[in-house]
Amino acid sequence: MSVKQGGVSMSQESLKTVVTRIAPSPTGDPHVGTAYMSLFDYVFAKQQGGKFILRIEDTDQKRYNPESEQRVIDALKWLGLAPDESPEIGGPNAPYRQTERLELYQKYANQLLESGHAYRAFETQEELEQIREDMQKSGLGQGYDGRAKRLSKEESDKRAASGEAFVIRLATPTEGETLIKDALRGEVRIPNSEVPDAVLMKSDGIPTYHLAVVVDDHVMGVTHVVRGEEWLPTAPVHVLLYQTFGWQEPVWIHMPLLKNADGKKLSKRRDDSSLDSYKEQGIVAEALLNYLATMGWSMPDGREFFSLKDMIKQFKFERISLGGSVFDMKRLRHYNAHYLREVLDLETVAERAKPFFEAAGYSWKDEDYLLDVIDVLLPRIETLAELTEQSAYFFSDSFNYTEEAKRKLEAGQKHLEALERELSRLDFFDFDDVDDALREYVKSESVKMGEVMMPLRAALTGSTQAPGVSDLAVILGKSRTLERIGRAISYLEAGLPDDKPQKPKKDDEAGATP
RNA sequence: GGCCCCUUCGACUAGCGGUUAGGUCACCACCCUUUCAAGGUGGCGGCACGAGUUCGAAUCUCGUAGGGGUCACCA
């Protein structure tokens with residue numbers, strides 16, 4: 001389903017510069033949902049000639065993880081979604097870490113306190129639990145009953161002055177409803193009875209998300225808040241804050257959620273949703289971005305492969321579908337394979353692949369060798385990691401033969417011996433020469449191609465599943481090709497002392513056992 | 001459970017009153033072939049249900065069902 005008719009206008013009343021922001025909290029692995037939101041933030045901001053800000057929401061000290069911030073920054077860099085302002089590069093709205101902006105929130109919290117739109121609450125953790133329990137029992141909603149609102153100003157001031165711990169809560173209306181003008185869903189109305197007196201300022205003097213986002217978004221001039229649908233239920237708190245401060249609301253855009261195969265919100269715990277993990281698996285940034293873009297959005301002309309640039313040209317929030325898409329690794333791999341094979345040039349793929357080869361402990365004599373290896377493997381792999389998994393025999397001579405390969409070697413021993421002679425006679429060892437030689441041999445022996453090629457393939461790679469034999473031989477080069485044939489022959493001679501193998505083999509294809 | 005959002009093939013989606021409901025992934029088959037792939041061709045498979053509105057509904061309205069989100073001094 002697409003956006004409702006008569007939805008909210010996307011444009012602010014004036015010609016304000018569009019400002020979007022991604023505000024991750026540094027609590028762990030950079031999440032794919034962050035990349036998802038960043039993509040739309042970035043694309044929309046760039047399209048509108050606006051700015052995209054990265055702000056770190058580190059207001060939860062308990063869950064704070066110091067490495068996490070840098071990993072988010074790095075992940076955005078990897079993706080190519082460079083913020084115009086961030087804690088790393090700074091900007092006119094610095095600082096970009098909320099714990100460095102504490103006085104600001106304090107100021108606004110006090111303002112709310114003075115105007116009576118907020119109040120101090122002194123309940124302890126245990127008391128709160130009790131309240132919640134009671135409310136649940138009586139069926140009168142949950143959360144907090146607002147009892148501290150009834151404290152007199154004098155008492156509140158006195159208890160605060162005496163050093164008693166307190167939080168500051170927003171005094172929300174109990175009657176009526178709050179309207180969220182969501183650009184994708186139209187008008188969403190939530191009864192105020194459902195809107196809790198949210199904590200704005202925690203007892204440690206650090207604001208909650210609710211106060212911090214609103215203040216920062218306003219102060220930083222954020223015009224469009226693009227965030228996950230999970231925020232819709234608490235959006236009234238934010239709308240109410242804008243209203244009591246008398247600030248103009250941003251355009252609210254609650255995006256559909258990314259789901260796992262069970263249809264549940266993608267979670268760090270259950271699901272593999274870490275950007276670093278995708279990177280390590282050899283997913284390429286362009287492919288991930290393209291894939292993410294198709295989750296809930298589509299090109300007007302139906303193209304499924306497109307660049308960030310093209311997306312910026314064509315993007316409209318109107319084409320967002322609200323269903324919430326299942327993150328499908330298979331499909332991501334398909335996109336990745338396409339980028340590896342069709343979009344990125346070989347040199348670029350090689351650059352991206354190098355860290356993987358290095359991590360695998362492989363070394364190569366020159367760039368061309370690496371390029372040839374990648375080129376011939378490309379149709380067979382979908383990720384950079386698979387490139388190394390399938391190329392061991394290109395970087396080491398001491399590979400083992402699989403059981404299937406052993407059988408092929410045994411069946412083709414005489415061909416190997418002949419081929420060793422034939423190939424050693426070649427002056428040039430380029431594709432045509434090798435290919436011609438092999439084909440001529442097959443013809444002269446009047447056997448099936450496979451009878452000759454499979455044993456050779458097994459000798460060259462230790463496996464029966466590999467690229468074309470002529471390609472393999474040419475890439476490996478004459479001397480290594482001959483060495484490997486020789487190695488296979490000595491293996492056969494050493495490994496088969498008896499005339500006949502013990503167990504009668506049932507081998508369908510290469511059944512030509514002597 | 002309350003509140004809110006959502007609902008087209010298994011998955012991602014096109015469709016915005018008149019289409020044989022289109023494409024992609026996955027899956028299956030065939031072709032190509034020297035194995036594995038890649039590539040090519042074809043196939044399987046869908047408008048959650050029920051009422052309306054209308055000459056005509058996947059498209060508009062309502063209801064039902066189902067799914068999801070959220071109910072913290074976490075974001």
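Within every chain, numbering begins at 1; the chains are lettered A, B, ... in the order of the sequence lines, protein sequences first and strands thereafter.
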Short N/O separations, protein against nucleotides 63-70 of chain B, under 3.5 angstrom:
{"unit_1": "B:G68", "atom_1": "OP1", "unit_2": "A:Lys264", "atom_2": "NZ", "d": "3.2"}
{"unit_1": "B:G69", "atom_1": "OP1", "unit_2": "A:Lys265", "atom_2": "N", "d": "3.1"}
{"unit_1": "B:U70", "atom_1": "OP1", "unit_2": "A:Lys265", "atom_2": "NZ", "d": "2.5"}

Can you tell me how far [atom1] in [N] sits from the matching atom in [M], rounded to whole Å?
N     : M     : atom1 : value
B:U35 : B:U19 : C1'   : 45 Å
B:G69 : B:C73 : C1'   : 23 Å
B:U53 : B:U59 : P     : 15 Å
B:C28 : B:U64 : C1'   : 37 Å
B:C44 : B:C60 : C1'   : 33 Å
B:G22 : B:A58 : C1'   : 13 Å

When all nucleic acid strands are considered with a 4.0 Å heavy-atom cut-off, which category describes [X]: base, sugar-phosphate, or nothing?
X        : value
A:Arg333 : nothing
A:Thr59  : sugar-phosphate
A:Thr464 : base
A:Val199 : sugar-phosphate
A:Asp435 : base
A:Pro467 : base
A:Glu177 : nothing

Who pairs with B:G2 - Watson-Crick or G-U, where each distance is under 3.5 Å:
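Check on B:G2: paired to B:U70, both distances under 3.5 Å.
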Taking pairing as Watson-Crick or G-U wobble with both contacts under 3.5 Å, can you name the mate of B:U34, or confirm there isn't one?
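The answer is none; no pair meets the criterion.
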Any side-chain heavy-atom pair of [X] and [Y] under 4.5 Å:
X        : Y        : result
A:Thr178 : A:Arg189 : no
A:Lys264 : A:Val326 : no
A:Asn336 : A:Glu382 : no

With nearest nucleotides of RNA chain B determined for A:Val326 and A:Met454 from heavy-atom distances, which residue corresponds to the more 5′ nucleotide?
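Closest to the 5' end, via its nearest nucleotide, is A:Val326.
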Taking the nucleotide of RNA chain B with the nearest heavy atom to each, does A:Pro207 or A:Phe305 sit closer to the 5' end?
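This one resolves to A:Phe305.
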Sort me out a list of protein N/O and nucleotides 40-47 of chain B N/O pairs below 3.5 Å, or just none if empty.
none

Protein-nucleotides 25-28 of chain B N/O pairs under 3.5 Å:
{"unit_1": "B:C25", "atom_1": "O4'", "unit_2": "A:Arg331", "atom_2": "NH1", "d": "3.2"}

Whole angstroms only, please: what is the [atom1]-[atom2] distance between [X] and [N]?
X        : N     : atom1 : atom2 : result
A:Glu389 : B:A37 : CD    : C1'   : 15 Å
A:Lys448 : B:U35 : NZ    : C1'   : 13 Å
A:Glu194 : B:C5  : CD    : C1'   : 14 Å
A:Leu266 : B:C12 : CG    : P     : 13 Å
A:Lys443 : B:U34 : NZ    : P     : 14 Å
A:Ile253 : B:C5  : CD1   : P     : 17 Å
A:Phe306 : B:U24 : CZ    : P     : 16 Å
A:Arg457 : B:A37 : CZ    : P     : 12 Å

Would you give me the side-chain donor-acceptor pairs under 3.5 Å for residues 206-219 of chain A, sequence neighbours excluded?
{"unit_1": "A:Thr208", "atom_1": "OG1", "unit_2": "A:Val199", "atom_2": "O", "d": "2.7"}
{"unit_1": "A:Thr208", "atom_1": "OG1", "unit_2": "A:Leu200", "atom_2": "O", "d": "3.4"}
{"unit_1": "A:Thr208", "atom_1": "OG1", "unit_2": "A:His210", "atom_2": "N", "d": "3.4"}
{"unit_1": "A:Tyr209", "atom_1": "OH", "unit_2": "A:Arg227", "atom_2": "NH2", "d": "3.2"}
{"unit_1": "A:His210", "atom_1": "ND1", "unit_2": "A:His238", "atom_2": "NE2", "d": "2.9"}
{"unit_1": "A:Asp216", "atom_1": "OD1", "unit_2": "A:Arg101", "atom_2": "NE", "d": "2.8"}
{"unit_1": "A:Asp216", "atom_1": "OD1", "unit_2": "A:Arg101", "atom_2": "NH2", "d": "2.9"}
{"unit_1": "A:Asp216", "atom_1": "OD1", "unit_2": "A:Tyr105", "atom_2": "OH", "d": "3.2"}
{"unit_1": "A:Asp216", "atom_1": "OD2", "unit_2": "A:Gln98", "atom_2": "NE2", "d": "2.9"}
{"unit_1": "A:Asp216", "atom_1": "OD2", "unit_2": "A:Tyr105", "atom_2": "OH", "d": "2.5"}
{"unit_1": "A:Asp217", "atom_1": "OD1", "unit_2": "A:Arg21", "atom_2": "NH1", "d": "3.2"}
{"unit_1": "A:Asp217", "atom_1": "OD1", "unit_2": "A:Arg55", "atom_2": "NH1", "d": "2.9"}
{"unit_1": "A:Asp217", "atom_1": "OD1", "unit_2": "A:Arg55", "atom_2": "NH2", "d": "3.0"}
{"unit_1": "A:Asp217", "atom_1": "OD2", "unit_2": "A:Arg21", "atom_2": "NH1", "d": "2.4"}

By the side chain to side chain donor-acceptor pair (under 3.5 Å) test, which pairs, at least two apart or in different chains, include something from residues 198-207 of chain A?
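Pairs touching residues 198-207 of chain A that pass the test: none.
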Can a donor-acceptor pair be found, under 3.5 Å and without considering hydrogens, that links the side chain of A:Ser463 to the backbone of A:Gln465?
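Between the backbone of A:Gln465 and the side chain of A:Ser463 there is a qualifying donor-acceptor contact (under 3.5 Å).
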Can you name the side-chain contact (heavy atoms from CB on, under 4.5 Å) partners of A:Phe429, sequence neighbours left out?
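So A:Phe429 forms a side-chain contact (heavy atoms from CB on, under 4.5 Å) with A:Leu423, A:Leu426, A:Val434, A:Ala473, A:Lys478, A:Thr481.
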Set of side-chain contact (heavy atoms from CB on, under 4.5 Å) partners for A:Tyr64, sequence neighbours left out:
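Counting only residues at least two positions away or on another chain, A:Tyr64 forms a side-chain contact (heavy atoms from CB on, under 4.5 Å) with A:Pro26, A:Asp58, A:Pro66.
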Going by the rule ring-ring contact (aromatic ring centres under 6.0 Å, His included), which residues pair with A:His31 if we only count those two or more places apart in sequence or in a different chain?
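ring-ring contact (aromatic ring centres under 6.0 Å, His included) check on A:His31 returns nothing, list empty.
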Residues that A:Tyr278 engages under ring-ring contact (aromatic ring centres under 6.0 Å, His included), provided they are two or more places apart
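ring-ring contact (aromatic ring centres under 6.0 Å, His included) check on A:Tyr278 returns A:Phe327.
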Could you measure the distance from the CZ atom of A:Phe306 to the CG atom of A:Asp301? Nearest 0.5 Å is fine.
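Going from the CZ atom of A:Phe306 to the CG atom of A:Asp301 covers 9.5 Å.
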Measure the spacing between CH2 of A:Trp231 and CG of A:Asp182 and express it to the nearest 0.5 Å.
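Between A:Trp231 CH2 and A:Asp182 CG, I get 15.0 Å after rounding to 0.5 Å.
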Looking at A:Asp145 and A:Met135, what are the two nearest heavy atoms and their distance?
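Minimum heavy-atom separation between A:Asp145 and A:Met135: N-SD, 3.7 Å.
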Indicate, yes or no, whether a donor-acceptor pair under 3.5 Å links the base of B:C5 to the side chain of A:Arg185.
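Per atom types, no contact qualifies.
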Check: B:C73 base within 3.5 Å donor-acceptor of A:Ser203 side chain
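Indeed there is one.
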Side-chain donor-acceptor pairs under 3.5 Å in residues 167-175 of chain A, sequence neighbours left out?
{"unit_1": "A:Arg169", "atom_1": "NH1", "unit_2": "A:Asp197", "atom_2": "O", "d": "2.8"}
{"unit_1": "A:Thr172", "atom_1": "OG1", "unit_2": "A:Val195", "atom_2": "O", "d": "3.1"}
{"unit_1": "A:Thr172", "atom_1": "OG1", "unit_2": "A:Asp197", "atom_2": "OD1", "d": "2.7"}

Indicate whether the side chain of A:Glu123 and that of A:Tyr144 have a donor and an acceptor atom separated by less than 3.5 Å.
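Yes, a side-chain donor-acceptor pair sits under 3.5 Å.
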Ring pair (Phe, Tyr, Trp, His ring centres under 6.0 Å) contacts in which one or both residues fall within residues 435-468 of chain A, not counting sequence neighbours:
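Qualifying pairs, neighbours excluded: A:His415-A:Tyr441.
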Of residues 21-28 of chain A, the positions that come close to RNA chain B - non-hydrogen atoms, cut-off under 4.0 Å
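Residues of residues 21-28 of chain A under 4.0 Å from RNA chain B: A:Ser25.
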Closest to the A:Arg380 side chain, choosing from B:C74, B:C3, B:C36:
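Among the listed nucleotides, the one closest to the side chain of A:Arg380 is B:C36.
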